[in-house]
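Computed over heavy atoms, backbone and side chain alike; hydrogens, waters and symmetry mates excluded. Order of listing sets the numbers, starting from 1, for every ligand and every atom in it.
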Amino acid sequence: MPPMSYTASSLANRKETPRAGAVPRILVVEDEAALSLLLSYNLEAEGFVVDRIEHGDHVELQLAENLPDLVILDWMLPGVSGLEICRRMRAREATKTLPVIMLTARGEEGERVRGLSVGADDYVVKPFSVPELMARVRALLRRASPERIANKLTAGDLDLDRETHRVRRGNRDIHLGPTEFRLLEHLMEKKGRVFTRAQLLDNVWGQAVEIDERTVDVHVGRLRKALSRGRERDPIRTVRGAGYAFDETFGRN
Ligand code: CA
């Protein structure tokens, strides 16, 4: 066991939790329960949604069911090792560029190189300070998906402002209900990416809800009606048999 010298950042600094559509999701894969708990407390205090896994064999299923925005991955795990998990993630399309921070008790240069060679984005040696790890998480998220934390999302003549909750197209204000706003925000964060109805329900409506998937179609319909008038181009793409995406070519041609 490495010495425990983790310092928890004060929960008094708890920030206001961002809106559902904008909350980055972090997967913590760590078999030391105390450390896993400490990390999730701190990540949640920063406003992130946290999933925790303690066994290497359970990671793939979790990634398939609920793709996070970043993974904190311990090297030594029961079952599949962190190193092997990272290697497999890089071999799959869905997780090829997913940011990974590896945690390890080994600090030798050779191990560091091995960790980075399987595709980890960053590498932290235990024991580490929690505030430092939090800083690395934020830095990596900023680098990986600047749109996740930008206040304004823009595509062509469409602007969405997260602070004021205003949406404009050209010079007219677009009035959206709260669900349509979150839906648009979520789609615009990852332009071009196709989300299934189940993923949209999970990410926009929240995990706990039991709603018929057709509800998504109803809200997408309302969103479309609000966004486009007359012959204006529809920025939302329906992908038959798959789901919906924000058209990444919108505003480019
Ligand atoms: Ca471990």
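- No more than 12 heavy atoms of other residues, nucleotides or ligands sit less than 6.0 Å from atom CZ of Arg166.
- By the 6.0 Å contact criterion, CZ on Arg229 is open, its count of non-hydrogen atoms from other residues, nucleotides or ligands being 12 or less.
- Not one N/O/S atom of Glu30, from backbone or side chain, sits under 3.0 Å from the Ca ion (ligand 1).
- For a distance bound of 3.0 Å, the N, O or S atoms of Glu32 include none lying that close to the Ca ion (ligand 1).
- Cluster annotation: Val118 and Leu63 are assigned to the same hydrophobic cluster (Ile/Leu/Val/Met/Phe/Trp/Tyr, side-chain heavy-atom contacts under 4.5 Å, transitive).
- The Ca ion (ligand 1) is closest to atom OD2 of Asp74 (considering only N, O or S atoms).
- For the pair Glu189 and Arg162, the salt-bridge criterion is met [side-chain N within less than 4.0 Å of a carboxylate O].
- Within Asp31, OD1 is the N, O or S atom that lies nearest to the Ca ion (ligand 1).
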